[in-house]
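This is the structure I want to talk about, given as structure tokens.
The structure displayed is predicted, hence computed values, not measured ones. The figures here come from the full heavy-atom set of this structure, side chains too, leaving out hydrogens, waters and symmetry mates.
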Amino acid sequence: MKLINTIAAIAMTGTLALTGCSMATQSSSTTSTTKTNTQSASEGQTATSVNDGVANLLHTAKQLNKAITAGDEANIKKTGPQLEENWKTFEDNVKSQYPDQYTQIEKYLNPAVAGSKESTINKEALSQLNNQLIDVLYQFSQKLIPVSQVKDGISKLLTTTTDLKQAINDEDQAKVKELGPKLEETWKTFEDGVKPRSADLYEKLEASLNPEVAGSQVSPLDKQTLGKLNDQLTQTLHELEQTIK
């Protein structure tokens, strides 16, 4: 009986050992697969995160510019450090993929952030640093946003302005309210690639697009004003279409 019990115990121990090995191997395989999938997902998102990061950083730098121009020191002290906060979210990706652009951004961003925190703010010096940062970011955007993306964006905007023209002529308030914000949504996807290529047309486009978006949400609908803005926007888009090569 003792011999039988011993043999059974050995057999059970062997089975448990094999089961443990199998589970460990399966766990290792699952972990490896998870890591691989996570890594692939991260790599797939890298370019997008850099694009979004640059766009957000540009937006913050523009806000800082407005605060400096207005002489609003409280807003300067609030907005300046946000440059650093935005930068931290994607700077490692820039450093590994675009080392030259990384160096240029750091050159102006760090002293701009420091200058915004000073007890006595040197607005002239800070404005110069911030404008240099904006220029560098626009140059970077030109690299990140290819001509094909700009052309695609122009095409989509022209489709929307055509639909808006019809809605304005029909005095269809609901349709105008629906389509107006789409101008801004589409514009945001490629605008940072326009200014470094054609600053004049960028400003001209903004001059009609922004008030049209705002006017599309006003009741009652101002048919004459919106129609004029929409025609100006459409004309500028066609000019841009011919300019962007």
Side-chain angles (χ1 to χ4, degrees), residues 48 51-70 72 75 79 82 86 130-131 133-135 137-245:
T48 302
N51 286 1
D52 289 346
V54 171
N56 290 336
L57 197 55
L58 251 175
H59 176 74
T60 303
K62 289 177 186 177
Q63 294 301 112
L64 179 58
N65 223 13
K66 289 180 181 178
I68 296 169
T69 301
D72 186 346
N75 206 13
T79 309
Q82 289 176 0
N86 289 347
N130 193 53
N131 282 329
L133 174 62
I134 288 172
D135 287 342
L137 290 172
Y138 269 127
Q139 291 168 17
F140 194 10
S141 293
Q142 184 173 356
K143 183 181 181 71
L144 293 170
I145 302 175
V147 171
S148 59
Q149 184 175 337
V150 174
K151 288 184 174 181
D152 183 57
I154 293 171
S155 178
K156 288 178 180 177
L157 272 183
L158 282 170
T159 298
T160 304
T161 59
T162 299
D163 293 341
L164 258 171
K165 184 178 181 68
Q166 185 63 52
I168 293 168
N169 289 339
D170 293 343
E171 298 187 40
D172 187 341
Q173 181 79 62
K175 193 67 175 177
V176 170
K177 278 191 172 184
E178 175 192 338
L179 291 172
K182 290 185 178 180
L183 293 173
E184 188 174 22
E185 291 170 13
T186 302
W187 177 229
K188 283 180 178 179
T189 64
F190 72 100
E191 65 168 307
D192 292 339
V194 173
K195 189 164 186 178
R197 293 181 171 99
S198 182
D200 291 344
L201 288 177
Y202 173 90
E203 299 297 340
K204 188 176 177 181
L205 196 151
E206 287 250 297
S208 52
L209 185 145
N210 291 333
E212 182 173 4
V213 173
S216 70
Q217 304 304 298
V218 175
S219 297
L221 183 149
D222 187 339
K223 180 179 178 180
Q224 184 176 355
T225 301
L226 276 182
K228 184 177 180 181
L229 286 169
N230 194 64
D231 288 344
Q232 290 172 344
L233 176 58
T234 300
Q235 182 180 345
T236 304
L237 286 169
H238 282 304
E239 290 178 39
L240 184 61
E241 193 174 38
Q242 296 302 314
T243 302
I244 298 295
K245 302 296 182 183

(request) State whether the side chain of S155 and the backbone N or O of K151 hold a donor-acceptor pair below 3.5 Å, judged by distance alone. (result)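 Side chain of S155 to backbone of K151, a donor-acceptor pair under 3.5 Å: no, none is there.
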(message) If I compare all heavy atoms of S208 with all of L233, which pair ends up nearest, and what's the gap?
(response)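 S208 and L233 have their closest heavy atoms at OG-CA, 3.5 Å.
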(message) Check this for me: does any side-chain nitrogen of one of K204 and D200 sit under 4.0 Å from a carboxylate oxygen of the other?
(response)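 Between D200 and K204 there is no salt bridge, as every charged N stays at least 4.0 Å from the carboxylate O atoms.
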(message) Contact between D172 and Q166 at the side-chain level, heavy atoms closer than 4.5 Å - yes or no?
(response)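 No - every pair of side-chain heavy atoms lies 4.5 Å or more apart.
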(message) Less than 4.5 Å apart, side chain to side chain, heavy atoms only: is that true for L64 and T60?
(response)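 Of all side-chain heavy-atom pairs linking T60 with L64, none is under 4.5 Å.
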(request) Please check if any side-chain donor atom of T243 sits under 3.5 Å from a side-chain acceptor atom of S198, or the reverse. (result)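 The criterion, which ignores hydrogens and geometry beyond distance, is not satisfied for S198 and T243.
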(message) Please find the pair of heavy atoms, one from L137 and one from V54, that lie closest to each other, and give the distance.
(response)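 L137 and V54 have their closest heavy atoms at O-CG1, 3.9 Å.
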(request) Evaluate the side-chain proximity of E241 to H238: yes if any heavy-atom separation is below 4.5 Å, no if none is. (result)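 In short, these two side chains touch, coming nearer than 4.5 Å.
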(request) Check the side chains of D231 and Q235 for a donor-acceptor pair under 3.5 angstrom, ignoring hydrogens and angles. (result)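 Side-chain D/A pair, Q235 to D231: absent.
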(message) Using modelled atom types and a 3.5 Å cut-off, is there a donor and acceptor pairing between side-chain atoms of N130 and backbone atoms of A61?
(response)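 Answer holds: yes.
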(request) Give, for atom CD1 of I168 and atom OG1 of T225, the distance between the pair rounded to the nearest 0.5 Å. (result)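 Nearest 0.5 Å value for the CD1-OG1 distance: 10.0 Å.
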(message) Can you give me the closest heavy-atom contact between S216 and Q173, atom names plus distance?
(response)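 What the structure gives for the nearest pair is O-NE2, 3.9 Å.
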(request) Specify the closest pair of heavy atoms between K177 and Q217, including all atoms of both residues, with the distance to one decimal. (result)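 That would be O-NE2, 3.0 Å.
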(message) Using 0.5 Å steps for rounding, measure from the CD atom of E206 to the OG1 atom of T236.
(response)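 The OG1 atom of T236 is 11.5 Å from CD of E206, to the nearest 0.5 Å.
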(message) Rounded to the nearest 0.5 Å, what separates atom CG in N230 from atom CD in E212?
(response)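 Here the rounded value is 4.0 Å.
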(request) Using atom types as modelled and distance alone, determine if a side-chain donor or acceptor of R197 lies under 3.5 Å from a backbone N or O of I244. (result)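 No, the answer is negative, given that no donor and acceptor are paired below the 3.5 Å cut-off.
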(message) What I'd like to find out is whether the side chain of F190 reaches to under 4.5 Å of the side chain of L157, using heavy atoms alone.
(response)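 Yes - at least one pair of side-chain heavy atoms lies under 4.5 Å apart.
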(message) How long is the straight-line distance from CG of L183 back to CG of L164, given to the nearest 0.5 Å?
(response)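 Spacing of CG (L164) from CG (L183) equals 5.5 Å.
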(request) Answer yes or no: is there a side-chain heavy-atom contact under 4.5 Å between L201 and L237? (result)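 With C-beta onward as the side chain, the pair stays apart.
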(request) Spell out, as yes or no, whether a donor-acceptor pair under 3.5 Å connects the side chain of T161 to the backbone of L158. (result)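 Flag set: sc T161 to bb L158 pair under 3.5 Å.
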(request) Quick one: list whatever passes salt bridge (charged side-chain N to carboxylate O under 4.0 Å, His left out) with K188, sequence neighbours left out. (result)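 Counting only residues at least two positions away or on another chain, K188 forms no salt bridge (charged side-chain N to carboxylate O under 4.0 Å, His left out).
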(message) If you count every heavy atom of other residues, nucleotides or ligands that lies below 6.0 Å from K66 atom NZ, does the total exceed 12?
(response)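 No.
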(message) Please find the pair of heavy atoms, one from N86 and one from N56, that lie closest to each other, and give the distance.
(response)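 Closest heavy-atom pair between N86 and N56: ND2-O, 3.6 Å.
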(message) Looking at every heavy atom in both W187 and V194, which two are closest together, and how far apart are they?
(response)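 In terms of heavy atoms, the two residues are closest at CZ3-CG2, 3.9 Å.
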